[in-house]
Amino acid sequence: MKPTIAGFDYQRVPVAEGVSLNVAVGGTGTPVVLLHGFPQTHLMWRHVAAHLAANHTVICPDLRGYGDSDKPRENGPHTYSKRTMANDIVALARRLGHRRFALAGHDRGALVAFRAGLDHPDVVTHLACLDILPTLDMWGALHGTSAAVGFHLYLMAQPPGLAEEMITASADAFFGYFLDIWANRPDAVPADVRTTYLRACRAAVPSIVADYRASAGIDVEHDEADRAAENRLVMPVTVLQQDWGAALGFDAAALWEAWAEDLHHATVSCGHFMAEEEPAEVTKALRSLLTRPAVVLRPT
């Protein structure tokens with residue numbers, strides 16, 4: 001039996017023409033949406049979601065192109081742009097009866113959350129981003145031989161065809177590689193969850209590659225436009241990340257301060273999969289974020 005988040009109800013929710021998301025919902029109270037990363041599904045939030053559900057309505061979707069959500073065929077750069085994926089999440093929350101909500105994302109989900117915060121400041125009350133830099137800054141931080149750590153970013157940035165063929169030919173080895181090297185605690189992802197992640201990724205190679213391809217193109221354009229317009233995140237923001245700056249030579253907090261007016265930035269000692277490796281620490285950070293006063297804006 002496929003693992004699920006205990007005590008959560010599952011449903012499919014239409015969010016765009018021809019696109020429905022698989023979503024787990026649990027708890028009662030003010031809404032919190034949790035977005036997963038790569039190479040995972042909504043299951044990565046299973047511990048944190050259970051804790052938060054004591055006081056909040058917790059919404060854990062599979063992103064478009066991942067898990068059991070729909071995987072539309074890439075039809076130009078917009079199909080898997082973070083703007084499109086952020087619009088999915090806003091539509092999902094509204095379908096579930098929530099016009100405003102707090103939003104937390106990890107890895108790819110954090111990029112979606114970041115874009116949602118910029119595009120929908122009247123909707124996202126609080127924002128947490130786990131272990132990312134904004135797309136524009138991420139590409140700026142990768143240079144020289146140190147960029148080898150992000151080889152997958154360059155592979156999946158290529159035009160359609162080759163990357164999909166190469167990854168499909170050895171999907172479990174490819175996706176399993178990241179589950180192995182990015183975790184400080186291998187037991188944080190138990191065998192049944194790992195099997196679920198690998199199965200889900202194996203079935204979603206074209207859409208996962210399209211998601212990454214968008215981050216080497218249209219997502220950068222959207223970030224550049226916001227930077228030029230001096231748009232910033234106006235809601236309270238918490239960023240948790242490993243100390244990649246020390247390894248790659250950048251000041252992560254300074255990069256984030258350029259985007260966020262109300263920022264709490266902290267480095268963590270666990271690996272990349274922090275919601276699974278240190279769920280208590282992540283839950284504590286999210287609870288603290290949710291106590292900070294939200295900014296109320298009029299919808300534009």
Side-chain angles (χ1 to χ4, degrees), residues 13 15-16 21 23 29-37 52 56-61 63-64 78 80-138 214-215 218-241 252-266 285-300:
V13 178
V15 296
L21 301 186
V23 58
T30 54
V32 180
V33 180
L34 306 177
L35 305 181
H36 67 85
L52 291 178
H56 299 278
T57 299
V58 182
I59 302 166
C60 300
L63 296 168
R64 83 158 51 195
H78 294 278
Y80 286 95
S81 75
K82 303 309 149 301
R83 173 161 290 160
T84 297
M85 296 170 81
N87 289 342
D88 287 347
I89 303 308
V90 172
L92 169 67
R94 286 179 177 163
R95 285 274 189 171
L96 296 175
H98 307 291
R99 193 187 69 80
R100 304 187 78 216
F101 54 88
L103 181 59
H106 171 257
D107 190 86
R108 308 306 295 173
L111 297 177
V112 176
F114 173 79
R115 176 46 52 192
L118 286 172
D119 286 359
H120 304 279
D122 57 315
V123 173
V124 178
T125 63
H126 301 78
L127 178 66
C129 292
L130 276 56
D131 221 23
I132 66 154
L133 291 175
T135 302
L136 182 61
D137 298 308
M138 175 194 73
S215 286
I218 193 168
D219 295 341
V220 175
E221 295 173 13
H222 290 159
D223 282 7
E224 287 175 336
D226 280 311
R227 176 62 56 80
E230 299 184 346
N231 292 334
R232 303 181 76 202
L233 298 163
V234 297
M235 67 289 297
V237 177
T238 289
V239 174
L240 302 178
Q241 58 192 151
L255 292 175
W256 273 104
E257 285 168 0
W259 288 104
E261 298 180 5
D262 178 5
L263 173 70
H264 174 77
H265 183 280
L286 294 183
R287 288 193 182 281
S288 178
L289 168 66
L290 293 170
T291 66
R292 288 153 61 187
V295 176
V296 179
L297 299 177
R298 291 185 178 182
T300 56

Next item on the list: Please identify each residue that fulfils side chain to side chain contact (heavy atoms under 4.5 Å, CB included) with T57, with sequence neighbours left out.
Entry: V25, I59, H98
Check: Between W259 and F114, how do the two ring planes meet: parallel, tilted or perpendicular, split at 30° and 60°?
Finding: perpendicular
Checklist line | I89 side, atom CD1; L103 side, atom CG - distance, nearest 0.5 Å | finding: 7.5 Å
Checklist line | Side chains of C129 and V237 in contact at under 4.5 Å (non-hydrogen atoms) | finding: no
Item checked: Contacts of type side chain to side chain contact (heavy atoms under 4.5 Å, CB included), residue V234, not counting sequence neighbours -> P121, E261, L297
Margin query: With salt bridge (Lys or Arg N to Asp or Glu O under 4.0 Å) as the rule and sequence neighbours excluded, what pairs involving residues 124-136 come up?
Written below: none
Item checked: Test side-chain hydrogen bond (donor to acceptor under 3.5 Å, both in side chains) applied to S81 - qualifying residues, sequence neighbours left out -> T84
Checklist line | Residues which pass salt bridge (Lys or Arg N to Asp or Glu O under 4.0 Å) with D88, listed by chain and number, not counting sequence neighbours | finding: R64
Item checked: Which atom of A102 lies closest to which atom of L290, heavy atoms considered -> CB-CD2, 3.4 Å
Notebook entry, point to check: Sequence neighbours excluded, which residues qualify as side-chain hydrogen bond (donor to acceptor under 3.5 Å, both in side chains) partners of H56?
Noted result: T30
Notebook entry, point to check: Sequence neighbours excluded, which residues qualify as salt bridge (Lys or Arg N to Asp or Glu O under 4.0 Å) partners of R292?
Noted result: D262
Notebook entry, point to check: Between A104 and L286, what is the shortest heavy-atom contact and its length?
Noted result: CB-CD2, 4.0 Å
Next item on the list: Looking only at non-hydrogen atoms, find the nearest pair between A285 and L240 and report the distance.
Entry: CB-CD1, 3.7 Å
Checklist line | Euclidean distance, L130 CG relative to Q241 CD, rounded to 0.5 Å | finding: 9.5 Å
Check: Atom NE2 in H120, atom CG in D122: separation rounded to 0.5 Å?
Finding: 8.0 Å
Checklist line | Heavy-atom pair of closest approach, residues W256 and L133 | finding: NE1-CD2, 3.9 Å
Check: With H36, which residues qualify under ring-ring contact (aromatic ring centres under 6.0 Å, His included), at least two apart?
Finding: Y66
Notebook entry, point to check: Is D223 salt-bridged to R115, cutoff N-O under 4.0 Å?
Noted result: yes
Item checked: By salt bridge (Lys or Arg N to Asp or Glu O under 4.0 Å) - contacts of R227 (at least two apart) -> D137
Notebook entry, point to check: Roughly how far apart are T135 OG1 and E221 CD, rounded to 0.5 Å?
Noted result: 12.0 Å
Note to self: Holding to side chain to side chain contact (heavy atoms under 4.5 Å, CB included), I want the full list of residues that pass it with A214, two or more places apart in sequence or in another chain.
What the structure shows: K82, I218, D219
Next item on the list: Using salt bridge (Lys or Arg N to Asp or Glu O under 4.0 Å) as the criterion, list what pairs up with R83, not counting sequence neighbours.
Entry: D119
Item checked: Side-chain touch V23/L92, heavy atoms, less than 4.5 angstrom -> yes
Check: Roughly how far, to the nearest 0.5 Å, is CG of L111 from CZ of R108?
Finding: 5.0 Å
Next item on the list: Go through the structure and list residues passing side chain to side chain contact (heavy atoms under 4.5 Å, CB included) with E224, not counting sequence neighbours.
Entry: L136, V220
Next item on the list: May I ask you to decide if R99's main-chain N or O and R94's side chain share a donor-acceptor pair within less than 3.5 Å?
Entry: no
Margin query: Give me the atom names and distance for the closest heavy-atom approach of L263 to A253.
Written below: CD2-O, 4.0 Å
Item checked: L233 CG to L118 CG distance, which is reported to the nearest 0.5 Å -> 4.5 Å
Notebook entry, point to check: Between A110 and G105, which heavy-atom pair has the shortest distance, and what is it?
Noted result: CB-O, 3.2 Å
